[in-house]
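Structure record follows, encoded as C-alpha cells.
Nothing here was measured: the structure is a model prediction, and the numbers come from that model. All ligand and atom numbering here is 1-based and tracks the order in the structure.
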Amino acid sequence: MYDYLVVGAGIFGSVFAYEAKKRGKKVLVIDKRDHIGGNMYTKDIEGINVHMYGAHIFHTSNKTIWEYINQFTEFNNYINSPVANYKGELYNLPFNMNTFYQMWGVKTPQEAKDMIERQREKYFVERPKNLEEQAINLVGLDIYQKLIKGYTEKQWGRDCKDLPAFIIRRLPVRFTFDNNYFNDTYQGIPVGGYTPIFEKLLEGIEVKLGVDYFKEKEALDKLASKVLYTGPIDQFYQYEFGVLGYRSLRFEHEILDMENYQGNAVINYTDRETPYTRIIEHKHFEFGKQSKTVITREYPDQFSLGKEMYYPINDEANNEIYKMYKEKADSETKYLFGGRLAEYKYYDMHAVIASALSMVKKEFYEES
Ligand code: FAD
Ligand code: UDP
C-alpha cells in the first residue's frame with residue numbers, strides 16, 4: 001500500500017517523508033505522540049510559541065541547509081545570548097570578554113589571557129582526560145567553579161572528573177565582547193514557532209498520531225515496502241545487547257500574569273543547589289509583547305525506561321553497545337535508521353536535516 005512507512009514525525013522522519021513524496025513515493029508517517037515535530041514541537045500558549053521539549057535555536061554554517069529550511073519558514077534575527085546566574089551574581093555567556101570583565105574586572109584581551117594563564121598554571125595538562133581538566137585548561141579555575149562545575153554535575157548527574165572533555169568544547173571561548181552563544185554563520189528562530197515547518201513538510205502526506213510502532217509492528221510493516229525508523233535503536237532490537245544510557249529532563253511550564261519575568265530567553269542557574277539548570281522565557285525568542293508570559297524550568301532527571309530520552313551518554317560502555325546495534329542495523333534491507341534516537345547521537349537540528357537529505361540521495365540513487 002505504501003512505498004515507505006516512516007516511524008517518527010520529528011525532523012528526520014518529516015524531511016525524509018517530504019523528499020520521498022516529492023519523488024512520487026507513497027508515504028505513511030506515524031508517531032506515538034499526539035503531535036508532529038518530535039522534540040522541536042512548539043505549542044501556542046497565550047499567543048506565545050512554547051518550546052515544549054526545551055529551548056531550540058536553529059544555527060548552522062551550512063548554506064545549503066539554511067536555504068533548505070528557509071523554504072518552509074521565515075527566521076527572525078534572534079541571537080542566543082544566555083545569562084548565567086551564580087548565587088545571584090549575573091554573568092554573560094558564552095565565555096567572552098564580558099564574562100571575564102564581570103568575573104575579574106579585566107578590560108583587555110591580554111589581561112584576560114594573563115588571568116586565565118595564572119588560574120590554570122597549577123592544573124595545566126597537555127591532553128585533558130576529563131571535563132574538569134578541559135574546563136580549567138580553557139577558562140581557569142574561577143569560571144570552572146562558578147559557571148561550569150555545578151551546572152554540569154546537575155545536568156549529567158556525574159562528577160566533572162567522570163565526564164568526557166568534548167562536552168565543554170561545545171561552548172565558544174572568545175576574547176571579544178560578543179555574547180553570541182554560537183559561532184555559526186546563520187541563526188534564528190522560525191517566526192510562528194517550529195510546528196508550522198512540520199505542517200508544510202507533511203502537507204499531503206498521511207500522518208497517524210498516537211500510534212506506537214511496537215504495539216502493531218507486524219501489521220504496520222506489512223503496509224509498506226520499506227520502513228524508516230527514527231525511534232530508539234535498542235528498543236527496535238528488544239534491548240538484546242543491553243539498554244543504552246540517556247540523561248532525561250523534566251519540564252515545568254508556568255503561565256505568569258506579567259509582561260516580562262527575567263528579561264532574557266535563557267537564564268542558566270549554575271550553582272549546584274538550585275535543582276533546575278535553566279529557566280526559559282519563551283516570548284523573548286520572538287521578541288513578544290504579550291501581556292502574559294510563559295516560563296519553563298528545566299530539571300535534569302535520572303533516565304529509566306519509559307521516560308523521555310534526551311541526552312545520549314556517549315561513554316565507552318554505551319558506545320560499545322551502540323556499535324553492536326549499528327552492525328545489525330547496517331545489514332537490514334527493509335529497514336532504514338536515522339535521527340538522534342536511532343543513531344544514538346547528540347545531534348543539532350541542522351545536522352539531522354543534512355543526514356536525512358543524505359539518506360534521501362542514497363535511497364533514490366542520486367549524485368551528491
Ligand atoms: P525526534 O525529534 O526525537 O523525533 C523522533 C520521533 O519518533 C518522536 O516524535 C517520537 O515520538 C517518535 N517515536 C519514537 N519511538 C516511536 C515509536 N515506537 N512509535 C512511533 N513513534 C515513535 N538542536 C539545535 O540545533 N539547536 C538547539 O538549540 C537544540 N536544543 C535542544 C535542547 C534540548 C533540551 C534537546 C534535548 C535537544 C536540542 N536540540 C537542539 C537537538 C534537536 O532536538 C534534535 O536535533 C532533533 O529534534 C532530532 O530530531 P529527530 O527527528 O532525530 O528526533
Ligand atoms: N555548560 C556549563 N555551564 C553553562 C552552560 C553549559 O557548564 O552555563 C556546559 C555543560 O556541561 C553542558 C555543556 O556545557 O552540558 C554544553 O552546553 P550546551 O548549552 O551546548 O548544552 P545543551 O544546550 O545541549 O544542554
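- Residues K226 and D3 are not paired through a salt bridge, judged by the lack of any N-O separation under 4.0 Å between the basic side chain and the carboxylate.
- Under 4.0 angstrom from ligand 2, there are no non-hydrogen atoms of R247.
- The distance criterion of under 3.5 Å between nitrogen or oxygen atoms is not met by T270 with respect to ligand 2.
- Inspection of the S355 and Y347 side chains reveals an N or O donor paired with an N or O acceptor under 3.5 Å.
- Close placement of the F175 and F100 rings is indicated, their centers lying within 6.0 Å of each other.
- Of the protein's non-hydrogen atoms, the one nearest atom 19 (O) of ligand 2 is Y181 OH, 2.5 Å.
- Considering W156, Y269, Y346 only, the shortest heavy-atom separation from atom 15 (O) of ligand 2 involves W156.
- Of the residues listed (N49, V266, V50, I48), the one engaging F285 in a side chain to side chain contact (heavy atoms under 4.5 Å, CB included) is V266, and it is the only one.
- Residue contacts with ligand 1 include V211, since one or more of its heavy atoms lies under 4.0 Å from the ligand.
- Considering backbone and side-chain atoms alike, L147 places an N or O below 3.5 Å from some N or O of ligand 2.
- The closest approach between F58 and ligand 1 stays at or above 4.0 Å for every heavy atom of the residue.
- The shell of residues lying under 4.0 angstrom from ligand 2, judged by heavy atoms, excludes K149.
- A salt bridge does not link K200 to E203: none of the charged side-chain nitrogens sits closer than 4.0 Å to a carboxylate oxygen.
- The backbone N or O of L244 lies less than 3.5 Å from no partner atom in the side chain of N318, so there is not a single donor-acceptor pair.
- Per-residue contacts place L171 under 4.0 angstrom from the following atoms of ligand 2 (heavy atoms of the residue considered): 1 (N), 6 (C), 14 (O), 17 (O).
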Take F337 and F236, measure what ring-ring contact (aromatic ring centres under 6.0 Å, His included) needs, and give me the verdict at the end. CA-CA 10 Å; F337 299 85; F236 187 89; 5.0 Å; yes
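- Of all the atoms in ligand 2, the ones that sit under 4.0 Å from a non-hydrogen atom of Q155 are 25 (O).
- Close approach of ligand 1 to F12 (heavy-atom distance below 4.0 Å) involves ligand atoms 51 (O).
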Kindly determine whether E67 and K63 satisfy salt bridge (charged side-chain N to carboxylate O under 4.0 Å, His left out), including the steps that lead there. CA-CA 6 Å; E67 284 169 355; K63 194 163 188 236; 3.6 Å; yes
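- Near L93, meaning under 4.0 Å from any of its heavy atoms, are these atoms of ligand 2: 8 (O).
- Nearest to atom 21 (O) of ligand 2 among the protein's heavy atoms is R170 NE, 4.4 Å.
- Contact atoms of ligand 2 toward I167: 11 (O), 13 (C), 15 (O), 16 (C) (distance under 4.0 Å to a heavy atom of the residue).
- Nearest non-hydrogen protein atom to atom 7 (O) of ligand 2 is T152 OG1, 3.0 Å.
- Both the sub-6.0 Å distance and the 45° axial angle are satisfied by K26 relative to the ring of Y2.
- Between E252 and R250 there is a salt bridge, since at least one side-chain N of the basic residue sits less than 4.0 Å from a carboxylate O of the acidic one.
- Between atom 1 (N) of ligand 2 and the options F166, Y151, Y311, the minimum heavy-atom separation is to Y151.
- For ligand 2, the atoms sitting less than 4.0 Å from at least one non-hydrogen atom of N268 are 4 (C), 5 (C), 8 (O), numbered in the order shown with element in parentheses.
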